[in-house]
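Quick caveat: nothing in here was measured; it's all calculated off a predicted structure. Below, read A as the first sequence line, B as the second, and so on, with proteins coming before strands; counting in each chain starts at 1.
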2 protein chains.
Amino acid sequence: MTYQPATGAFADSLRADLPQAVFRPLDPRYTEEPRGRWAGSGGLLLAPSTTAEVARIVQAAGAAGVPIVPYGGGTGLVGGQVSGDLSDPIILSLERMSQIRSVDPVENAMVAEAGVILQWVQEAAEQANRLFPLSIAAQGSARIGGVLSTNAGGVNVLRYGNARDLCLGLEAVLPDGSILNGLSPLRKNNTGYDLRHLLIGAEGTLGIITAATLKLVPRPARTGAAMMVVRDPAAALDLLNLARDRIGEGVSAFELIGGMGLGFLAETMPEVRLPLGQPDWSVLIDLGLGASGDPQQALEGLFEAAAERDLVHDGAIAQSEQQRADFWRVRESIPAANRKIGAVSSHDISVPIAAIPRFIAEGPAAIAAIGSFRINCFGHVGDGNLHYNVFPIPGRSRADHEGDRDAIKRAVHDLVHAHGGSVSAEHGVGRLKVADLERYVDPTKLTAMRAIKAALDPKGVMNPGAVLRHHG
Amino acid sequence: MTYQPATGAFADSLRADLPQAVFRPLDPRYTEEPRGRWAGSGGLLLAPSTTAEVARIVQAAGAAGVPIVPYGGGTGLVGGQVSGDLSDPIILSLERMSQIRSVDPVENAMVAEAGVILQWVQEAAEQANRLFPLSIAAQGSARIGGVLSTNAGGVNVLRYGNARDLCLGLEAVLPDGSILNGLSPLRKNNTGYDLRHLLIGAEGTLGIITAATLKLVPRPARTGAAMMVVRDPAAALDLLNLARDRIGEGVSAFELIGGMGLGFLAETMPEVRLPLGQPDWSVLIDLGLGASGDPQQALEGLFEAAAERDLVHDGAIAQSEQQRADFWRVRESIPAANRKIGAVSSHDISVPIAAIPRFIAEGPAAIAAIGSFRINCFGHVGDGNLHYNVFPIPGRSRADHEGDRDAIKRAVHDLVHAHGGSVSAEHGVGRLKVADLERYVDPTKLTAMRAIKAALDPKGVMNPGAVLRHHG
């Protein structure tokens with residue numbers, strides 16, 4: 001494709017059809033990603049406030065061959081929202097499409113525009129005595145359009161699924177500027193191909209999500225949490241299955257915590273209390289039960305049954321909501337401790353659940369072949385989704401290992417791939433992992449993806465260079 | 001498209017590459033649908049036993065322009081598996097791809113080939129102390145490839161979702177004969193477009209599913225059931241939300257039963273005991289809890305809380321598994337009673353859950369405008385999925401109303417559409433509802449569907465005439 005820049009003349013041609021408020025100065029935050037790894041050079045920032053305005057912009061862009069980079073909360077970690085090598089694209093921010101159009105507790109559904117911040121969705125659900133269970137670190141700034149476009153995950157996927165599983169319907173502007181009216185809250189609807197799931201996770205390359213019907217669930221009436229020391233990662237998996245056999249879907253989260261991460265916490269954030277010290281492997285189990293359930297009793301019963309099977313040998317059950325929050329603080333402080341130590345390389349990976357113990361066992365040798373490093377492995381073990389971060393040994397810094405990063409990345413990704421895993425578990429492909437996709441994904445899938453992209457976006461204007469390589 | 005028939009010469013050209021066992025006589029069952037409404041006239045029956053054989057057939061069909069009608073268990077109710085007006089297509093039966101390749105209780109996943117019968121999947125899961133929760137009336141003969149291709153629903157969608165929600169990965173042969181290797185059990189995998197959800201529900205028009213990785217869930221350790229008399233459908237919805245607030249995901253099924261259906265049961269199957277007589281509206285609630293739950297106590301608590309709110313005024317809680325089975329027998333006998341009475345018209349519809357009371361209230365007037373009829377409305381109210389069946393009044397027969405069927409269908413579908421519902425909730429589009437799709441579905445969606453179909457199946461050989469109109 002040969003792309004055209006969004007020139008002043010192009011902008012002027014839009015002014016006749018769009019209110020002045022749509023045109024905004026290009027603040028640098030729109031061209032940077034959070035870790036500073038990606039930057040765009042410029043572009044025309046447009047912030048429409050209605051679906052019709054989005055459609056008008058997309059039509060004009062298509063007619064002129066101007067690429068569009070959709071922009072939500074800007075929290076993506078793979079550069080999907082950054083214009084990269086594009087010359088003066090449209091940066092289409094959804095921030096002004098920020099209405100929650102409806103909340104219906106009988107329907108257990110909410111219609112939110114793409115620019116609504118995830119935390120607002122959670123709060124609106126709570127006000128209706130419902131739960132929107134998607135929970136990610138960036139929820140204070142991530143916007144729901146981006147959350148869906150990247151199919152975000154988080155800590156509650158075990159129980160409630162990924163973003164796609166929490167979306168009942170979509171409104172979107174397709175690359176030809178037509179509006180897909182699919183905001184139905186229907187739970188059962190077999191009328192043709194599922195375009196919703198095609199747009200979710202497409203990272204803006206097949207259209208722009210403008211609003212979504214989100215699925216709400218009952219708020220668990222009674223919650224509880226426990227930390228338990230497990231023998232090893234295999235015992236953690238057995239414990240998870242035991243927990244689900246005993247407690248069913250009441251298990252909301254099940255997080256594996258490695259001793260290295262607790263050591264980092266003790267070193268960099270000594271104010272965070274570690275209830276069980278620094279065991280090699282421990283888990284955080286979170287329960288949410290109905291009014292007739294008893295989380296403490298359930299966790300006590302689980303601990304006893306697990307101890308009988310020699311899966312656990314120490315544990316603590318939260319006696320209050322405060323203590324539950326303290327347990328979660330341990331888990332949620334690990335990324336901050338990681339940042340203070342300074343990782344050489346971080347990996348958003350998943351492997352089949354049953355392969356976790358072998359993957360964890362084989363990782364250190366693969367890394368040691370490159371040099372001496374420390375590994376902090378933790379994460380959402382119930383989904384097979386591990387955060388696998390590689391650090392310098394004490395006395396060295398990440399700057400000492402700039403040249404090792406690619407080799408580490410390759411070693412981790414190759415090992416993940418050998419175990420049937422994914423090199424992008426929850427962050428997406430963006431611009432960072434296009435080559436990884438080409439290397440690791442089934443070639444038939446890639447060919448079909450390209451055919452679908454060409455069919456729906458023949459001019460290639462929708463977020464070119466994200467997910468699929470562009471030839472602009 | 002101009003299609004070519006599967007001539008003897010075409011068949012002979014395949015014999016060099018395929019074992020003799022692939023070639024089977026064309027039994028009439030392959031060209032009929034269960035209710036006798038649809039029939040194909042002939043064709044070449046091929047029953048491959050490996051994915052490579054399926055790929056070879058699809059390649060040859062594409063090269064020769066011969067259409068392929070995929071055939072699973074033959075239980076579809078919308079003619080998706082029947083060749084219709086095609087002249088001598090390939091009828092590609094998956095019945096010999098009937099291996100369960102693996103069952104992994106740690107992974108909570110099973111890999112089953114497309115020809116595995118749904119009930120075998122359920123049984124294999126049970127042997128591994130897991131549950132595959134999809135349950136439909138045809139489970140004794142429906143095969144998993146068809147179950148996924150039609151995104152089947154059933155009674156447990158409320159808790160566990162549709163077929164698509166229970167599928168982690170797919171292997172499929174795409175229309176160009178390439179094999180999509182997507183049998184990963186990963187719960188989190190954001191590497192590109194979700195082809196799995198595109199193929200699920202595409203009814204064989206975008207490729208042939210050859211195997212699937214199915215999601216298993218914990219077997220509920222303790223089950224229970226109750227029937228409760230509700231004031232009206234609105235009270236049933238309030239009761240459902242109360243139940244979910246109190247019991248969470250433990251509510252496995254929540255079925256609305258109308259008095260007309262109980263009357264039909266009493267008339268045609270008096271051996272089925274009706275625990276609560278013949279109330280105008282009642283519900284069947286089914287629970288499955290973990291080992292630490294107490295279903296009877298939960299149902300008693302629910303009944304008390306619901307009675308306080310004046311939602312229910314009679315009820316029975318199953319005191320044994322036998323009694324639970326008796327309750328289910330009432331619900332599951334209603335379709336048989338319907339058949340004995342003889343419906344003029346049956347409808348597989350869904351509406352937003354919150355719209356159910358108004359839809360049910362408005363239906364009789366819409367039908368009365370056509371003539372005098374009896375309506376039996378029942379179904380999976382927790383999903384908004386109602387079976388809405390229209391019967392002659394006593395003394396008249398369905399044969400008296402042949403001329404009314406189209407008007408009734410139109411009236412019901414228009415009312416469904418006015419309430420934001422779907423005219424195909426769980427059976428799919430097939431060949432029966434192609435015109436309905438064109439009438440009721442968002443035109444942007446239809447245009448995008450056609451673009452995707454043309455991109456992935458440019459020769460149009462995959463199940464032409466199903467879902468989308470073909471011009472052969």
Residue part contacting chain B, namely of [X], when any heavy atom lies under 4.5 Å:
X	value
A:V429	both
A:I356	neither
A:N108	side chain
A:P443	neither

Is [X] in contact with chain A via its backbone, its side chain, both, or neither, using a 4.5 Å heavy-atom distance?
X	answer
B:T150	backbone
B:L180	both
B:N189	both
B:D442	side chain
B:V157	side chain
B:I179	backbone
B:V217	neither
B:R222	neither
B:P352	both

> About how many Å separate OH of B:Y193 and CG of A:L468, when rounded to the nearest 0.5 Å?
Replying inline: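 Spacing of CG (A:L468) from OH (B:Y193) equals 4.5 Å.
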
>> Give me the atom names and distance for the closest heavy-atom approach of A:L174 to B:A448.
In response: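 Answer, listing the atom of A:L174 first, then B:A448: CD1-CB, 4.0 Å.
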
> Between B:R130 and A:D245, is a salt bridge (Lys or Arg N to Asp or Glu O under 4.0 Å) present by the stated rule, with each step listed?
Replying inline: CA-CA 9 Å; B:R130 293 291 179 270; A:D245 282 345; 3.7 Å; yes

>> When you compare the side chain of A:Y440 with that of B:T191, does any pair of heavy atoms fall below 4.5 Å?
In response: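 Of all side-chain heavy-atom pairs linking A:Y440 with B:T191, none is under 4.5 Å.
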
>> Under 3.5 Å, is there a donor on one side chain and an acceptor on the other for A:N151 and B:D194?
In response: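 There is no such pair (donor and acceptor under 3.5 Å, judged by atom type) between the side chains of A:N151 and B:D194.
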
>> I'd like to know whether B:L386 forms a side chain to side chain contact (heavy atoms under 4.5 Å, CB included) with A:K188, so could you lay out the CA-CA distance, the side-chain angles of the two residues, the decisive distance to 0.1 Å, and finally the verdict.
In response: CA-CA 10 Å; B:L386 300 173; A:K188 282 187 174 177; over 6 Å; no

